[in-house]
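The chain is numbered in sequence order, starting from 1. FYI, side chains are in, hydrogens and waters are out, and symmetry mates aren't considered; it's all heavy atoms of this structure.
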Amino acid sequence: MKLYQIIYHDDESLKDELSKIAAQRDAIPDSTAFFNICSCSTDFSMLTHAASIIEDIFPGAPYIGASTYNNIVNAENVPESMTICCWLFEDTRSYVHVGQLPLAETNEQGINAGSIITKEVNGLSYVRAVQLFTTLELSSMTELCDQLGALNPSIHLAGGAAFFPVINKPDARVISSAGTCADKSIVYAALCGPRLHVTSLFISGWKPLGRELQVTKSEGNIVHEFDGKPAFEAYRHYLHAENDESFANTIRAFPLAFQQDGVSITREPIFCTPEGSLVLTSDISNARTMRIAYGDPDAILRDAREAATIIRRFKPEGILAVSCASRHVFWGDQIAQETRPFQEVAPTYGMYSASEFIRTGSSVYQNNVSLVILALREGKAADHIPYANQVGNDQIHMGSTPTLRLATFIQAVTDELEEANRKLDIMARMDTLTGLYNRGEIERRIEVAVGGQPAVGGFSPLDSGETSLIMLDIDNFKAINDTYGHKAGDTVLQHLGGTLRRFSRTYPLEGVAGRWGGEEFMVLLGNCNADAAARVAESIRQHFAGIEEPGMETQTVSLGVTQVRRGESA
């Protein structure tokens with residue numbers, strides 16, 4: 001097998017390059033030439049134009065193609081281009097079967113496109129892999145993926161969604177020798193042959209960051225709410241995104257990540273409704289937990305190099321790379337860093353798509369921000385001399401926009417974690433029923449005040465020797481519970497907690513209050529002698545005795561006051 005790659009410049013040069021390939025094909029009797037056509041021009045007639053030139057020089061040759069974000073030739077990014085790849089299968093028994101279907105097409109039994117493809121491909125002989133390109137609608141691709149999962153488990157699958165420039169207005173195209181250049185369609189090519197060998201894998205490098213977001217309301221492929229709030233608010237909070245025409249481009253490279261059947265799946269919202277619902281390309285169930293993810297440059301390159309090492313052992317003769325447009329946005333003009341390791345293994349051709357199809361076992365997933373690798377070889381690995389094309393090591397360099405958004409993301413996460421830690425710290429020190437300090441915290445503060453030890457948690461020792469303590473106890477509290485019930489008892493405790501918080505806040509010097517036991521409380525007053533503390537205690541007593549609760553008698557407290565004497569222990 002041989003792989004030829006062409007960048008379109010003009011008709012004459014394309015015809016010249018194709019004629020050279022035709023000469024190579026003619027030298028190998030009964031060989032099969034199969035073409036991929038990729039165009040990142042919004043003038044979709046370019047796909048048809050290129051196909052007509054191929055048909056003139058290779059009558060009847062199978063081909064499939066799609067509109068793309070950018071293209072890959074010899075592992076290098078080729079922006080704003082149209083590229084043509086020719087897979088020349090030299091074994092006489094190798095063949096390619098091409099098909100094209102409207103996405104909504106059904107037959108008389110009501111079977112739709114995915115089932116039709118599966119039935120057709122499974123009926124072919126020696127099928128090793130399927131290349132597949134589809135236009136991406138705003139509706140879910142889940143059903144299509146579920147049906148493609150019924151392909152024979154030995155068949156590898158690689159492909160993606162045709163790219164469209166305006167995210168929420170799909171205007172993509174696919175083309176094939178079995179049909180025409182069309183939207184709302186799917187094209188596929190079954191690569192077959194008894195001596196054809198295929199392997200595939202996919203890599204990500206995107207890591208979930210921040211807290212988990214639970215889907216609390218969803219409908220098919222539309223996520224309405226995370227944690228009871230409009231789903232869009234997660235992107236507004238973490239990335240300062242706005243729900244406007246730039247939304248999809250703003251959040252590129254920040255997909256939603258989750259685990260499904262042990263596989264890490266990433267999905268990018270392709271549209272945000274005015275109400276703040278996120279439209280994805282596959283179904284998301286209620287109660288699923290997701291997290292916003294961001295690419296780790298080191299992890300991406302490490303995964304790419306490890307994947308290339310695995311592919312090298314396979315000794316391929318050609319590699320197809322289907323990468324996501326969002327990875328291109330992430331890397332900018334450094335995008336070829338992740339594909340060059342494969343060029344060291346075999347000639348590498350590919351495209352940047354709107355999303356990718358990955359297969360693990362019997363499951364097919366529509367994914368985002370992934371890099372799918374399909375490696376092909378005719379004959380035994382032992383018969384091939386390893387390909388060697390050293391392209392050098394890359395220095396990691398990031399564009400400014402993703403880095404700035406990452407900084408915003410990390411700052412938002414940091415602020416949120418700090419706020420969460422602050423709340424946890426407060427919870428660890430507070431009595432939840434009364435809103436006062438708990439026993440451990442008020443006891444620690446008394447130890448600090450009496451012993452003059454360094455403070456922990458922002459509470460300083462009281463410098464003045466005039467430090468006083470009020471201890472109080474609700475009178476006949478057991479009778480309150482027995483007579484009115486424990487809920488009424490809790491209400492009484494809350495009333496006293498409110499009273500102590502009020503006097504602690506309004507005390508002109510330093511005061512803190514805490515719950516010592518069931519119905520026992522402490523008030524620690526700094527810069528306050530025993531006489532002043534007694535006056536505070538009397539005010540507390542009078543205020544609490546004046547609280548009226550419907551259906552209950554008024555309650556009272558007994559209080560004791562003491563002043564710290566030098567040398568006393570707590």
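Under the 6.0 Å cut-off for aromatic ring centres, Phe247 and Phe271 do not qualify, their centroids lying 6.0 Å or more apart. Taking the six-membered ring where the residue is Trp, the centroids of Phe254 and Trp206 are separated by 6.0 Å or more.
The ring pair (Phe, Tyr, Trp, His ring centres under 6.0 Å) test applied to His224 returns no partner, not counting sequence neighbours.
With hydrogens and angles ignored, the 3.5 Å screen pairs no side-chain donor or acceptor of Thr309 with any backbone N or O of Ala307.
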Verdict with reasoning, Ile300 to Phe330, per side chain to side chain contact (heavy atoms under 4.5 Å, CB included): CA-CA 11 Å; Ile300 293 170; Phe330 176 81; 3.7 Å; yes
Verdict with supporting geometry, Thr118 and Asn152, side chain to side chain contact (heavy atoms under 4.5 Å, CB included): CA-CA 8 Å; Thr118 298; Asn152 189 300; over 6 Å; no
Test side chain to side chain contact (heavy atoms under 4.5 Å, CB included) applied to Thr467 and Leu524, step by step: CA-CA 8 Å; Thr467 300; Leu524 178 65; 3.8 Å; yes
Verdict with supporting geometry, His328 and Tyr69, ring pair (Phe, Tyr, Trp, His ring centres under 6.0 Å): CA-CA 9 Å; His328 198 296; Tyr69 179 77; 5.2 Å; yes
Full working for side chain to side chain contact (heavy atoms under 4.5 Å, CB included) between His495 and Thr491: CA-CA 6 Å; His495 283 322; Thr491 300; 3.5 Å; yes
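Between Ser277 and Glu275, the side chains place no donor N or O within less than 3.5 Å of an acceptor N or O (distance only, hydrogens not considered). Glu338 and Trp331 share a side-chain donor-acceptor pair at under 3.5 Å. A donor-acceptor pair shorter than 3.5 Å can be found between the side chains of Gln147 and Asn112. Between the side chains of Glu268 and Ser326, a donor-acceptor pair is found at a separation under 3.5 Å. Side-chain atoms of Asn368 and Glu356 include no donor-acceptor pair closer than 3.5 Å. Between the side chains of Arg327 and Tyr352, no donor-acceptor pair is found at a separation under 3.5 Å. Between the side chains of Asn221 and Ser282, no donor N or O sits under 3.5 Å from an acceptor N or O. Of the N and O atoms on the side chains of Thr281 and Gln366, at least one donor lies less than 3.5 Å from an acceptor on the other residue.
Sorted by first and then second residue, the salt bridge (Lys or Arg N to Asp or Glu O under 4.0 Å) pairs involving residues 543-564 (not counting sequence neighbours) form an empty list. A salt bridge (Lys or Arg N to Asp or Glu O under 4.0 Å) check over residues 482-491, counting only residues at least two apart or in different chains, returns the pairs Lys478-Asp482.
No side-chain heavy atom of Ile358 sits less than 4.5 Å from a side-chain heavy atom of Val364. Two residues are said to be in side-chain contact when any heavy atoms from C-beta on lie closer than 4.5 Å; Cys272 and Asn243 meet this criterion. Using a 4.5 Å heavy-atom cutoff, the side chains of Val536 and Val523 are not in contact.
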